[in-house]
A.B. asks: 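Mind looking over this structure? Questions follow.
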Amino acid sequence: MSTVSALPFLKSSLLMRPPMGSHSPRRGRRHTLPASEFRCLSPEDAISVFEIEREAFISVSGECPLHLDEVCHFLTLCPELSLGWFEEGRLVAFIIGSLWDQEKLAMDALTLHKPHGSTVHLHVLAVHRTFRQQGKGSILMWRYLQYLRCLPYVRCAVLMCEDFLVPFYQKSGFKVQGPSDITVGPLTFIEMMYPVRGHAYMRRNSGV
């Protein structure tokens, strides 16, 4: 996308629109929430985020990528690096990210936001249990990566995941970088990367 501002991308994020000619409001019709929309999250969304995350991860690995205070922390410091999917005002899926300033993730990346970094660290993607197996995770990831292209300071996105999730992220365009240096208890991870800015962009903006 050529635009620098991400605001138009988020404002035009309705997935489901009525057919032409069928959306003229009746006189006195009450306001209704959009059927489906995307927007950045805020600290007010933290409890809904954590409830979805806790259910999604505790049953699988026994660990949450982010605890509630950490969710609040990132949604306060860098809400623009999050994206929530809402159905009729209800949060059904989300991604939370922050900025990092090194090529590889380190333990500090789990809790810190580096404002001058150019790498987005994706901490967590989760879908509410009643909306799984519908492709929502893939759709949300696609929209998030397109959104990152609107942010001129972002060069790449990185994440770490367990082995069984590697194929999911590969379908979204992430490449395996190798084992992560980070472990959480007995859990080990694979680090993956998505180039938001290609080599042509890098050369064009390198001043050489």
Side-chain angles (χ1 to χ4, degrees), residues 10 13 15 33 35-100 105-114 120-145 147-148 157-172 174 179-192 194:
L10 292 178
S13 61
L15 273 185
L33 292 167
S36 187
E37 67 172 346
F38 296 86
R39 67 167 171 81
C40 294
L41 299 168
S42 71
E44 288 71 28
D45 298 308
I47 292 177
S48 296
V49 164
F50 185 65
E51 288 176 349
I52 294 173
E53 180 198 10
R54 181 174 54 187
E55 190 281 328
F57 284 90
I58 291 295
S59 60
V60 176
S61 63
E63 296 281 349
C64 281
L66 297 176
H67 298 294
L68 180 57
D69 60 337
E70 294 166 335
V71 171
C72 294
H73 172 71
F74 288 120
L75 294 187
T76 299
L77 288 181
C78 47
E80 71 282 0
L81 297 177
S82 67
L83 189 62
W85 186 342
F86 293 81
E87 296 277 0
E88 298 181 345
R90 177 189 182 188
L91 181 66
V92 301
F94 68 88
I95 293 174
I96 293 178
S98 66
L99 287 178
W100 185 241
L105 296 174
M107 284 298 295
D108 283 350
L110 301 183
T111 56
L112 296 183
H113 167 61
K114 299 293 187 75
V120 174
H121 172 206
L122 277 64
H123 293 271
V124 57
L125 181 161
V127 179
H128 191 282
R129 63 181 180 276
T130 59
F131 294 89
R132 291 177 197 149
Q133 306 302 318
Q134 299 176 21
K136 279 184 163 53
S138 296
I139 294 171
L140 181 62
M141 178 59 78
W142 180 84
R143 292 197 68 99
Y144 185 76
L145 294 174
Y147 167 61
L148 292 185
V158 297
L159 59 84
M160 60 182 202
C161 65
E162 294 180 76
D163 290 350
F164 72 94
L165 287 171
V166 167
F168 169 81
Y169 289 112
Q170 285 178 322
K171 290 179 181 178
S172 296
F174 283 82
S180 174
D181 294 336
I182 300 171
T183 59
V184 178
L187 299 178
T188 59
F189 305 96
I190 300 296
E191 194 160 312
M192 305 186 73
Y194 179 92

A.B. asks: Nearest 0.5 angstrom please: T111 OG1 to H73 NE2, how far?
C.D. replies: 6.5 Å

A.B. asks: Taking all non-hydrogen atoms of both residues into account, name the closest pair between Y147 and E80 and its distance.
C.D. replies: OH-O, 2.6 Å

A.B. asks: Rounded to the nearest 0.5 Å, what separates atom CZ in R90 from atom OG1 in T130?
C.D. replies: 4.5 Å

A.B. asks: Going by heavy atoms in the side chains, are F86 and D45 under 4.5 Å from each other?
C.D. replies: yes

A.B. asks: Quick one: pull up CZ in R39 and CG in L41 and give me the separation to the nearest 0.5 Å.
C.D. replies: 6.5 Å

A.B. asks: Measure the spacing between CG of L187 and CD1 of I182 and express it to the nearest 0.5 Å.
C.D. replies: 12.5 Å

A.B. asks: Answer whether the closest heavy-atom distance between the side chains of L112 and S98 falls below 4.5 Å.
C.D. replies: no

A.B. asks: Could you check L122 against M141 for side-chain contact (heavy atoms from CB on, under 4.5 Å), going step by step and ending with a plain yes or no?
C.D. replies: CA-CA 10 Å; L122 277 64; M141 178 59 78; 3.5 Å; yes

A.B. asks: Could you tell me the separation between the CD1 atom of I95 and the NE2 atom of H123, rounded to the nearest 0.5 Å?
C.D. replies: 12.5 Å

A.B. asks: What distance separates I96 CD1 from L81 CG, expressed to the nearest 0.5 Å?
C.D. replies: 10.5 Å

A.B. asks: Give the minimum heavy-atom separation between I52 and A126, together with the two atoms involved.
C.D. replies: CG2-CB, 4.0 Å

A.B. asks: How close do G97 and V120 get, heavy atom to heavy atom, and via which atoms?
C.D. replies: CA-CG1, 4.4 Å

A.B. asks: Which heavy atom of S172 sits nearest a heavy atom of Y194, and at what distance?
C.D. replies: O-CE1, 3.6 Å

A.B. asks: Fit a plane to each ring of F131 and H128, take the angle between them on a 0 to 90° scale, and name the class: parallel (under 30°), tilted (30 to 60°) or perpendicular (over 60°).
C.D. replies: perpendicular

A.B. asks: Test side-chain contact (heavy atoms from CB on, under 4.5 Å) on L75 and F94 and set out the steps.
C.D. replies: CA-CA 12 Å; L75 294 187; F94 68 88; over 6 Å; no

A.B. asks: Is the count of non-hydrogen atoms from other residues, nucleotides or ligands lying under 6.0 Å from L77 atom CG greater than 12?
C.D. replies: yes

A.B. asks: Does the side-chain contact (heavy atoms from CB on, under 4.5 Å) test come out yes or no for H121 and L110, once each step is laid out?
C.D. replies: CA-CA 9 Å; H121 172 206; L110 301 183; 4.2 Å; yes

A.B. asks: For W100 and D108, run side-chain contact (heavy atoms from CB on, under 4.5 Å): C-alpha distance rounded to whole Å, both residues' side-chain angles, the deciding distance at 0.1 Å, then the answer.
C.D. replies: CA-CA 9 Å; W100 185 241; D108 283 350; 3.9 Å; yes

A.B. asks: Are any non-hydrogen side-chain atoms of P43 and C72 less than 4.5 angstrom apart?
C.D. replies: no

A.B. asks: Is E87 reaching over with its side chain to a backbone N or O of V92, donor-acceptor style, under 3.5 angstrom?
C.D. replies: no

A.B. asks: Which atoms form the tightest heavy-atom contact between A157 and F174, and what is the distance?
C.D. replies: O-CE2, 3.7 Å

A.B. asks: Answer yes or no: is there a side-chain heavy-atom contact under 4.5 Å between V124 and F57?
C.D. replies: yes

A.B. asks: Please verify the inter-ring angle class for F38 with W85; under 30° counts as parallel, over 60° as perpendicular, anything in between as tilted.
C.D. replies: tilted

A.B. asks: Would a distance-only check, ignoring hydrogens and angles, find a side-chain to backbone donor-acceptor pair under 3.5 Å from R132 to V127?
C.D. replies: yes

A.B. asks: What closest approach, in Å, do L91 and A93 show between heavy atoms, and which atom pair accounts for it?
C.D. replies: CD1-O, 3.3 Å

